[in-house]
Structures are given as structure tokens and as C-alpha cells.
Asker: 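Below: one structure in C-alpha cells.
Every value quoted in this text rests on a predicted model; they were computed, and no experiment measured them. The chains referred to below are lettered A, B, ... by the order of the sequence lines, with proteins before strands, and numbering in each begins at 1.
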Protein chains: 2
Amino acid sequence: MTRTLLAEAVSPPVACCAPVAGPDIDPEGARTLASIFKALADPHRVRIVNLLANAEEPVCVCEFMPLLGLAQGTVSFHLKKLLAAGLLEREQRGTWAYYSLDRDALSRLAGVFDPQGGPR
Amino acid sequence: MTRTLLAEAVSPPVACCAPVAGPDIDPEGARTLASIFKALADPHRVRIVNLLANAEEPVCVCEFMPLLGLAQGTVSFHLKKLLAAGLLEREQRGTWAYYSLDRDALSRLAGVFDPQGGPR
DNA sequence: CGCATGTATTGACACTCGTCGATCCAGGGC
DNA sequence: GCCCTGGATCGACGAGTGTCAATACATGCG
């Protein structure tokens, strides 16, 4: 198994792959996995992911504010968390920042729960 | 008793099923989904789930203490969180309490991330 | 250049969480 | 009955989180 041990030094990037139902997870892997769940452990962030999942194109930050009813700084805060977890991608278009969902990360996450280990 | 258990008491503890990539999730559903992720947003709880996933039979509380290196009260605390999220099942055998994984809940959780509910 | 606008970051605050030690609650022996 | 033992709960404490207002950072436009 090609584990991503060094990438963690920079940040816990990708929504990666220790299958929760697979072989024993070491404390290190548990920390990585937990950090991804922590990114999803907020209703507003769940909604952000859901909104992006249903959006065909990247979404501007300014769109989230009215949808979530949050101040601009708070929206940035949540997007940053999801970005750090490797669930989102950021793209700068002029003055605006557009966020989109990393669908690969999401399907890898589905594999984490699959009894026999999903795609990979 | 004067706790804000209102939401928790009312809402079903099931690790249920609003697909994150499915149709729009209302704030209510987002809260439910986030509460499940919150249950998994801790390294020790991830390890507990992993240990139970690999165990053929229910595991006694006393076994977790040395494995996790946590005090007895802390282990109970984590197990209670996972139980409340509907991820675990509890069984009392005399003086001992045995916990096991609700595998249905786990596979439902996998479906939450699947684009249309079940490729493979 | 200066200015307006969209994002990111910071400071402060209330709140929640994870942890321990101590205490309380059941069951099972004696 | 009493005591022992495993588990749950409580009290307290430090650490972390979510929120806003305010501020700093870019980028584009006049």
C-alpha cells in the first residue's frame, strides 16, 4: 500500500485512504482520518460540500454568503478548512475566488467505509 | 439535566443517509450528517471503529483501555459518542459491557459519498 | 497613481470538546 | 447483608472551534 506519510508534513491534504474497515489503523492514520471527518463535522461545511456537489461549475465565495447566512469572514474560514482537508479546490479568477469539489477525494472517502476497500 | 439535549434526544441516532452528493440538503439534514461526522472526528474514536471492524465478536470496555492508553472514564466517553451516533451497539453481559460495530450504519455511510448511490 | 471591491486574516468572545480523578451505580460473589 | 469490581457519570480544567467586526491584502478600473 502506498501510504502518504510525508505529504502530511505540509498539511493533511488529500481525503485519503485508510479504510476504516480494513486492517489495523495505526494512531498516525487515525489522526489523518479524523482530521478529514473533522472538516465535515459542521453543518455549514456539509452544506458547502453538498452545494458544490450539485453545482456543475465552480462557485464564487460571494454566492455562499447569502446561501448560508454567514458573514464573509466566516465563509472564508469554513472554505479554508475544507480546502486544507483536500476536499475542495480553489481557483482565482481576477478578484474572485471560485471553489469546486474534489470529486476524487469524495469517492475515495466512500471507499473508506466499504467493507472490502473501495476503488484504489 | 438542564442540558441542550433537545436536538439529540429527538433526532434519530441512526447513521443515516442524506447523500452528500445528492439533491440539496436542508439545514436540518446537514446538522444530522455533521453530527455523525463529529462522532468520527477524533483519532481515538476512529481507532475504536477500526478495532471493532476487525473484531469478529463484541469487545469488552476493559479491552479498549490498554489499547488506546486512556483512562476508563475517557473510554466510556468516546463509546457513548459513537453509540449516540448510531455507529455502535451495546450489550450487557453480567458486569461487563460489550460493544460491537453496526456494520449497516457503516455501509450506509459509504453511500453518503457515492455519486449516485452505488457504483462498484 | 488612487480608489473601490472581493477575499483572507486577525482579535476577541462564548462555547464545545477531550481528558483526568473522583464519585456513583449495578451485578456477582462471600 | 457486605464488599469487590466493571462501567457510567460528574467536576474541573486546558485546548480548540465558530462567529462577528475590523483590518489587511490583492486585483482591476478610472
Asker: If you find the nucleotide of DNA chain C closest to Gly94(B) and the one closest to Arg90(A), which residue's nucleotide is nearer the 5' end?
Answerer: Arg90(A)

Asker: Can you find a donor-acceptor N/O pair under 3.5 angstrom joining the side chain of Gln72(A) to the base of dA8(C)?
Answerer: yes

Asker: Considering only heavy atoms from C-beta outward, does the side chain of Leu87(A) approach that of Leu109(A) to under 4.5 Å?
Answerer: yes

Asker: Which one, dT7(C), dA8(D), dT19(C), comes nearest to the side chain of Ala97(B)?
Answerer: dA8(D)

Asker: Phe64(B) CZ to dA8(D) C1': how many Å, rounded?
Answerer: 16 Å

Asker: How many Å lie between CG on Leu83(A) and C1' on dT7(C), as a whole number?
Answerer: 13 Å

Asker: Is there a side-chain contact between Thr74(B) and the phosphate of dC20(C), meaning an N or O under 4.0 Å from OP1 or OP2?
Answerer: yes

Asker: Rounded to the nearest angstrom, tell me the gap between atom CG in Leu70(B) and atom C1' in dC20(C).
Answerer: 10 Å

Asker: Working note: Phe64(A) + Leu79(A), criterion side chain to side chain contact (heavy atoms under 4.5 Å, CB included); need CA distance, chi angles, decisive distance, verdict.
Answerer: CA-CA 10 Å; Phe64(A) 287 113; Leu79(A) 290 170; 4.2 Å; yes

Asker: Leu79(B) has an atom CG; how far is it from atom P of dG6(D), in whole Å?
Answerer: 16 Å

Asker: Please tell me which of the listed nucleotides, dA8(C), dA8(D), dC20(D), lies nearest to the side chain of Ala71(A)?
Answerer: dC20(D)

Asker: From Asp42(A) CG over to His78(A) NE2, what is the distance, rounded to the nearest 0.5 angstrom?
Answerer: 4.5 Å

Asker: Let's go through Val75(A) and Tyr99(A) carefully: what are the C-alpha distance in whole Å and the side-chain angles of both, what is the deciding distance for side chain to side chain contact (heavy atoms under 4.5 Å, CB included) to 0.1 Å, and is it a yes or a no?
Answerer: CA-CA 12 Å; Val75(A) 172; Tyr99(A) 285 83; over 6 Å; no

Asker: Ignoring the backbone of Cys60(A), work out which of dA8(D), dG18(C), dT7(C) is nearest its side chain.
Answerer: dT7(C)

Asker: Without decimals, in angstroms, what is the distance between Trp96(A) CH2 and dC29(D) C1'?
Answerer: 11 Å

Asker: When the distance from CZ of Phe37(B) to C1' of dT16(C) is rounded to whole Å, what number comes out?
Answerer: 20 Å

Asker: Any side-chain N or O of Tyr99(B) under 4.0 Å from OP1/OP2 of dA8(D)?
Answerer: yes

Asker: Indicate whether OP1 or OP2 belonging to dA8(C) is found under 4.0 Å from a side-chain N or O atom of Lys80(A).
Answerer: no

Asker: Is Arg93(B) near enough to dG27(C) that one of its side-chain N or O atoms lies under 4.0 angstrom from OP1 or OP2?
Answerer: no

Asker: Nearest-Å distance, NZ (Lys38(B)) to C1' (dT17(D))?
Answerer: 10 Å

Asker: For Glu57(A), does the CD atom have more than 12 heavy-atom neighbours from other residues, nucleotides or ligands under 6.0 Å away?
Answerer: no

Asker: Determine: side-chain N/O of His78(A) to OP1/OP2 of dT17(D), distance under 4.0 Å, yes or no.
Answerer: no

Asker: Would you classify Gly73(B) as touching base, sugar-phosphate or nothing, given that sugar-phosphate means primed atoms plus P, OP1 and OP2, and contacts are heavy atoms under 4.0 Å?
Answerer: base

Asker: In the hydrophobic cluster built from side-chain contacts under 4.5 Å, what are the other members alongside Tyr98(A)?
Answerer: Trp96(A)

Asker: Quick check on contacts: within residues 42-57 of chain B, what sits under 4.0 Å from DNA chain C by heavy-atom distance?
Answerer: Asp42(B), His44(B), Arg45(B)

Asker: Looking at OG1 of Thr74(B) and CE of Met65(B), how far apart are the two atoms once the value is rounded to the nearest 0.5 Å?
Answerer: 10.5 Å

Asker: Atom NZ of Lys81(A) and atom OG of Ser35(A): how far apart are they, to the nearest 0.5 Å?
Answerer: 10.5 Å

Asker: Looking only at side-chain N and O atoms, does Thr95(A) come under 4.0 Å of OP1 or OP2 in dG6(C)?
Answerer: no

Asker: Round to a whole Å and report the spacing from CZ of Phe77(A) to C1' of dC13(C).
Answerer: 14 Å

Asker: With respect to the side chain of Lys81(B), which nucleotide from dC17(C), dT17(D), dA8(D) is positioned closest?
Answerer: dC17(C)

